[in-house]
Amino acid sequence: MTDVLPLETAASTAPARRRTRTPFRVRYDLVLAGAVLLVIVLWAAVPQLFTSQNPLVGVGAAAHQAPSAAHPFGTDMIGRDLFARVVYGTRSSLQATAVAIAIAFVASTVIGLVSGFVGGVLDEVLMRVVDVMLAVPSLLVSLLLVTALGFGTTNVAIAVGIGSVAAFSRVLRSEVLKVRTAAYVEAAAGTGARWWDILLRHVLPLAITPILALVALEFGGAILAIASLNFLGYGAAPPAPDWGGLVSDGRNYLATAWWLTTLPGLVIVAVVVSANHISRVLGESR
Amino acid sequence: MLWYIARRVGYALIVVWAAWTVTFILLYRLPSDPVSIMLHGAGGEVASRASATQRAALAHQYGFDRPVIVQYFLLLGRALRGDFGLSVQNHLPVAKLVGQALPSTVQIALLGLAFALLLGAGVAIAANYSRNRFLRGLLFAVPPLTASFPTFWVGLMLLEVFSFRLGWFPAVGNDGFRAAVLPAITLAIPAAASYAQVLSRGIEKTLREPFIDVVRAKGAQRARVHLVHAFRNAMIPALTLVGLTVGGIFAGAVVTETVFSRSGMGNLLQASVNSQDIPVVQILVLLSAVAFAIVNLAVDLVYPFIDPRIARPAR
């Protein structure tokens, strides 16, 4: 008698309590992170809306100026507006990131799905190869690929994409395993559902949030890796701006013009922090 | 215990061999022509002057005119005998070039690792020990934030503040301890960020374990509970992480040495990628796998001293 009662009340009040405990709350941190990423995407899509300055041609008289109202990020050594260069450099940086994520995502989805779904010897072999790839840091794998493929924005993007396949497919595999062994998926298989039906209707909806979290994380990582390779000088050819290249250009004027390295670097930091934050919140919300 | 050691050593050897194989495939078997890349790396005019016979000679030297499997075992056999080929750029033996570059990088890597361990452990212990809510929140929030900083940017910021503004450390160069401090800090920051995160979470979790209540009930001081009991139990995952991030420190050295204009393996790798010097690039990347294997072997051998259950056969 006494042990039945609490059980009943717990069962009847639990859903109601949950409803009142999670009212809709504005997550200001998420709004801010999303706003940063939205602005970056707009910079890439319509740079001319954000600055009227020319990113490639400088005004000699305006060279070497600290940040001011006219030039929010200051000007470089030949009088080019740094803010305009950052804004116009966004497109090539984001395109490279998109290519890198697409490659990493497609390759590791195939590996992760096959490994986690088929299992057995194939899983064993694939995961040992991934282990070896993980022994070499992804930046070094990218450098190896840049050596073999040659320089340029596209090759850097391919190199970064392939460089992150190992870590990416490891996580995807564990997600696939988690869902595949869930009781309701086994139940669906037991009722005779076909495998693509299971994949599309049962596995995918549950896996979509962790996958999005992973993509956001990979976005931050790819931005960092591409900026590093561009900083080392393997990216876009000189007059065209890109983020890592801008920081690299400013290196020679570190003692006299702090803004040339600090401000483009801060833009990269803002983007990566935002992407990582979104990734973490999505990862926790499961 | 002996069986445990033998298994770990065997595993380290397999990792190195497999890494060599992967670098071989990526560098020599991608749909590109290594002979052209090497000639291109040796300079534009060399590439255009090279006759068909010279190309064939270079291809023969590396065995490119033979079947893939023969090439593979030819180069692997040479590597096992310590012959890693010649640098395409300056025709010096690769082993000699790498040997010259090694000490300077090992110096900043070890110093960086020491900074990272001190900083990571310090932040993690302080974050859990502190009773001030604001300080606690700050110490938990800062590590994931610094992990998103680009390494090259961190290095440049340190240079700007500590070399150019304050003049505490030399901005460039290799000589002495003072020149190694800023590069080492640059390497340490991302590593310290991940150690701090894992250690903070580990200590936080351990402090909720029942055995901590027992220790407290027996009258242990707060500091003793945190430093001796909680910290020791949080060390295993952090140690695993140290093994995993050592390769990352070497990758960081590529960027860091470029920022601080230091000579070393990172700088050599950057220059070699620039001139597409395939043999040098391969050995340098392989070395990161060797470092990874050695450090993880060391970590595996230290585990049983921290947690004796690990080396015991699972029965």
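Just so we're clear, the structure is a prediction, and the values are computed from it rather than from any experiment. Residue numbers start from 1 in every chain, and the chains themselves are labelled A, B, ... in the order their sequence lines are given, proteins ahead of strands.
- Looking at A/S228 and B/F152, their side chains come closer than 4.5 Å, going by heavy atoms from C-beta outward.
- Within the 4.5 Å cutoff, no side-chain heavy atoms of B/V22 are placed close to those of A/L144.
- The nearest pair of heavy atoms linking A/Y234 to B/Q270 is OH-O, 2.9 Å.
- Proximity to chain B (any heavy atom under 4.5 Å) is restricted, for A/V132, to the side chain, taken from C-beta onward.
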Q: Check step by step if side chain to side chain contact (heavy atoms under 4.5 Å, CB included) holds for B/V254 and A/L140.
A: CA-CA 9 Å; B/V254 180; A/L140 295 186; 4.0 Å; yes

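- Counting only distance, with no hydrogens or angles, the side chain of B/Q276 and the backbone of A/A148 share no donor-acceptor pair below 3.5 Å.
- Using a 4.5 Å cut-off between heavy atoms, B/N274 touches chain A through backbone and side chain atoms alike.
- Between A/V247 and B/L156 there is a side-chain heavy-atom pair separated by less than 4.5 Å.
- For the atom pair B/F292 CZ and A/L134 CG, the distance stands at 7.0 Å (nearest 0.5 Å).
- Contact check for B/T258 versus A/R251: side-chain heavy atoms found under the 4.5 Å cut-off.
- To the nearest 0.5 Å, atoms CE (B/M157) and CG (A/L266) are separated by 7.5 Å.
- Contacts between A/L139 and chain B at a heavy-atom distance below 4.5 Å involve the side chain alone, from C-beta outward.
- Comparing A/I162, A/V146, A/L224 by how many heavy-atom pairs each has under 4.5 Å with chain B, the most go to A/L224.
- Using a distance-only test at 3.5 Å, with no hydrogens or angles considered, a donor-acceptor pair links the side chain of B/W153 to the main chain of A/T262.
- Heavy-atom distances place the side chain of A/I268, and not its backbone, under 4.5 Å from chain B.
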Q.
B/L27 vs A/T147, test: side chain to side chain contact (heavy atoms under 4.5 Å, CB included). Steps then yes/no.
A. CA-CA 8 Å; B/L27 281 172; A/T147 313; 4.2 Å; yes

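- Two residues are said to be in side-chain contact when any heavy atoms from C-beta on lie closer than 4.5 Å; B/P150 and A/V269 meet this criterion.
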Q.
I'd like to know whether A/D131 forms a side chain to side chain contact (heavy atoms under 4.5 Å, CB included) with B/V15, so could you lay out the CA-CA distance, the side-chain angles of the two residues, the decisive distance to 0.1 Å, and finally the verdict.
A. CA-CA 8 Å; A/D131 274 347; B/V15 165; over 6 Å; no

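- With rounding to the nearest 0.5 angstrom, the OG atom of B/S288 is 10.5 Å from the CG atom of A/L143.
- Residue with the most contacts toward chain A among B/T21, B/V259, B/L284: B/V259 (heavy-atom pairs, distance under 4.5 Å).
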